[in-house]
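Here is the structure we will look at.
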Amino acid sequence: MLLVPCPNCGPRNSADLTLVGESEPRPDPAATTPVEWRSYLYEEDNPAGWTRETWYCRLGCGRFFVTERHRAENRFRNPPLGPSGEPPGRT
Amino acid sequence: MPEQAEFTGPVAGTREVSGTGWSLRDQSPIPKLLVYEDFESDGLVRGHLGVAFGASTTAPDGVLVCGVRPGEWLLLGERSGSVPPASGAVTVDLTHGLAMFRLTGPAARHVLAAVCSIDIAEAMLPNGAVCGASVARLACTLARDDVAGEHSYLILSQRSAGRYLFEALGDAGGSRT
Ligand SMILES: [Zn+2]
């Protein structure tokens with residue numbers, strides 16, 4: 001079971017969340033070609049190492065957050081802090 | 001204009017089932033008000049309601065105020081004075097949109113654990129705690145609200161799935177106790 005560190009709910013089974021994808025800066029719509037948009041929306045680098053990802057806490061708090069995961073080892077690091085400034089801990 | 005039908009729960013016929021050490025009651029007719037905090041309200045609504053996400057409190061008029069999501073609360077019960085301040089709060093009446101069941105008794109925890117996706121042990125979900133979780137594979141809100149010292153959980157789902165959830169919880173009770 002993969003435990004995902006939600007900043008609001010604490011570690012939760014990944015089945016309760018949705019992996020939205022790699023988190024990259026949104027390109028400027030005025031200066032982006034269709035090919036670049038498609039790449040931003042649908043393509044991933046998918047490295048066998050650390051990557052920044054957006055997750056959606058579907059069954060918990062209903063919020064999006066960004067964290068880092070090692071895609072080969074399924075470890076997380078640098079989880080976002082909760083509302084009280086503490087790392088995720090509850091539930 | 002046709003007369004408005006009396007509001008009942010999503011469970012036709014029997015509205016209560018029980019087994020050894022647990023009972024399940026359909027409490028869907030209880031008023032449910034969802035309160036959103038405006039992004040610019042600067043915590044005013046939260047200050048007024050007195051609880052954050054993951055916790056609940058009982059207002060002086062008996063309404064159970066549950067922090068169901070960051071910046072969102074469910075007010076359960078007939079309100080008198082606990083209407084949130086108009087500035088910074090958006091309210092939606094979800095009385096008819098949600099099903100709500102109360103699972104009570106010394107065996108309630110085992111019944112719920114059979115169909116719930118998260119750890120509901122005492123340390124994780126103490127009395128007063130609120131969380132979102134999968135119950136019988138539905139997205140539900142759980143609120144631990146003990147009654148007279150006995151374990152009790154409020155379980156809320158979309159009303160359209162209420163009958164299924166009632167039956168799934170009853171089946172879990174039958175097989176676990
Ligand atoms: Zn969450």
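Below, read A as the first sequence line, B as the second, and so on, with proteins coming before strands; counting in each chain starts at 1.
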Partner chain A: residue of Ser117(B), Gly132(B), Ala123(B) with the largest heavy-atom pair count (under 4.5 Å): Gly132(B)

Joint cluster assignment, Phe64(A) & Phe53(B), ILVMFWY side-chain distance < 4.5 Å: no

Single-linkage hydrophobic cluster, 4.5 Å side-chain cutoff, Leu142(B) and Val111(B) together: yes

Pairwise side-chain contact, Ile118(B) with Asp16(A), heavy-atom cut-off 4.5 Å (strictly under): yes

Straight-line distance of Cys131(B) SG to Asn8(A) CG, nearest 0.5 Å: 12.5 Å

Side chains of residues 17-27 of chain A: which donor-acceptor pairs under 3.5 Å do they make with residues two or more places apart or in other chains?
residue  : atom : partner  : partner atom : Å
Thr18(A) : OG1  : Arg58(A) : NE           : 3.3
Glu22(A) : OE1  : Asp45(A) : N            : 2.9
Glu22(A) : OE2  : Asp45(A) : N            : 3.2
Glu22(A) : OE2  : Asn46(A) : N            : 2.6
Glu22(A) : OE2  : Arg71(A) : NH1          : 3.4

Within 6.0 Å of CD in Glu78(B), more than 12 heavy atoms from elsewhere: no

Between CG on residue Asn13(A) and CG on residue Asp119(B), distance to nearest 0.5 Å: 12.0 Å

